[in-house]
Amino acid sequence: MVSALMASALALSCRPGRTIHFLEQADVPAGPIALGSVADLSGLPAALSARAAQLPVGSVPAGRRIVPVGPLGARARGLMPILACWLPRDSGEALIHLRVTPAPAAEAAALPAALPWRRPPAVRRGDHLRLATGAGPVRVERDVEALQAARDGQRLFVRAADGKTWSVRYQAATR
């Protein structure tokens, strides 16, 4: 009965302006990552904030990592459903840049699910590139603008100065 009253009181304190904001970058030890180390929980009621700060939302190995915010929010909502009204469902393309320090071997035992991470794109939207096409001894080059981000080997759309658009595979220049 008391916990039901407490839950309803917490739910009433959920207001649109008081959401959990994920940090753009964070320094964390390798192993389990607590929600409090990658998000600003100041919008939560004090009783809930203390519990949510310890919530393990994933794990990553040591090194520099770029982690999408979406899976972190989904994991937090799954482990602690009361957070649903404070966690935005649509985080778009938001990413957290993590610097993960190595953990001692004794602490690396039981880890929660690993977080997905991505290498940053080699080409960003708006970057100016040189499109080269060849057939036999003929090679044609022209300046184009990237219409989307891409990594080495991925396809992307580019637009030339005359407005023509192509889908091309990005290949990093070899030196």
Side-chain angles (χ1 to χ4, degrees), residues 14-31 33-43 55-79 81 83-102 111-175:
C14 183
R15 295 188 198 112
R18 300 174 69 184
T19 59
I20 294 173
H21 298 284
F22 285 92
L23 306 174
E24 290 182 15
Q25 58 186 14
D27 294 335
V28 295
I33 295 178
L35 181 62
S37 63
V38 294
D40 175 17
L41 305 176
S42 61
L55 198 64
V57 290
S59 67
V60 291
R64 292 187 182 273
R65 304 285 182 244
I66 298 175
V67 179
V69 168
L72 295 175
R75 178 118 169 113
R77 272 190 297 280
L79 292 173
L83 296 177
C85 68
W86 285 283
L87 280 163
R89 281 207 179 272
D90 180 28
S91 53
E93 294 293 319
L95 300 170
I96 299 176
H97 296 264
L98 294 177
R99 188 169 58 197
V100 185
T101 56
L111 301 177
L115 295 173
W117 65 278
R118 305 183 225 183
R119 286 186 306 265
V123 174
R124 298 195 184 277
R125 183 180 179 170
D127 284 355
H128 293 279
L129 306 169
R130 189 92 173 145
L131 176 63
T133 330
V138 177
R139 184 174 171 94
V140 177
E141 293 186 8
R142 66 188 309 172
D143 293 319
V144 293
E145 178 185 356
L147 298 177
Q148 66 192 83
R151 293 177 188 84
D152 194 26
Q154 286 186 321
R155 296 194 73 79
L156 75 148
F157 285 102
V158 295
R159 180 176 43 223
D162 63 0
K164 290 184 180 175
T165 303
W166 292 282
S167 171
V168 297
R169 183 172 309 278
Y170 176 74
Q171 184 176 352
T174 55
R175 304 240 179 226

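If you're wondering where the values come from, they're calculated on a predicted model, not measured in any experiment. Starting from 1, each residue takes its place in the sequence as its number.
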Can you name the closest pair of heavy atoms from [X] and [Y] and give their distance?
{"X": "Ala76", "Y": "Val57", "result": "CB-CG1, 4.0 Å"}
{"X": "Ala132", "Y": "Arg139", "result": "CB-NH2, 3.3 Å"}
{"X": "Ala26", "Y": "Ser37", "result": "CB-O, 3.5 Å"}
{"X": "Ala160", "Y": "Trp166", "result": "CB-CZ3, 3.6 Å"}
{"X": "Ile96", "Y": "Val38", "result": "CD1-O, 3.9 Å"}
{"X": "Phe157", "Y": "Ser167", "result": "CE2-CB, 3.8 Å"}

How long is the gap from [atom1] on [X] to [atom2] on [Y], to the nearest 0.5 Å?
{"X": "Asp127", "Y": "Tyr170", "atom1": "CG", "atom2": "OH", "result": "8.5 Å"}
{"X": "Arg77", "Y": "Leu83", "atom1": "CZ", "atom2": "CG", "result": "9.5 Å"}
{"X": "His97", "Y": "Arg64", "atom1": "NE2", "atom2": "CZ", "result": "10.5 Å"}
{"X": "Glu141", "Y": "Leu131", "atom1": "CD", "atom2": "CG", "result": "8.5 Å"}
{"X": "Arg65", "Y": "Leu95", "atom1": "CZ", "atom2": "CG", "result": "14.5 Å"}
{"X": "Leu79", "Y": "Leu35", "atom1": "CG", "atom2": "CG", "result": "9.5 Å"}

- Flag yes if more than 12 heavy atoms outside Glu24 fall under 6.0 Å of its CD atom; otherwise flag no.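 Atom CD in Glu24 is not crowded, with 12 or fewer foreign heavy atoms closer than 6.0 Å.
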Is the shortest side-chain heavy-atom distance between [X] and [Y] below 4.5 Å?
{"X": "Val144", "Y": "His128", "value": "no"}
{"X": "Arg125", "Y": "Gln148", "value": "no"}
{"X": "Leu147", "Y": "Leu156", "value": "no"}

- Between the main-chain N or O of Gly153 and the side-chain N or O of Arg169, is there a donor-acceptor pair closer than 3.5 Å?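 Yes, Arg169 side chain to Gly153 backbone: donor-acceptor pair under 3.5 Å.
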- Report the residue from Ile33, Leu23, Asp27 that forms a side-chain contact (heavy atoms from CB on, under 4.5 Å) with Leu98.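 Considering Ile33, Leu23, Asp27, a side-chain contact (heavy atoms from CB on, under 4.5 Å) with Leu98 is found only for Ile33.
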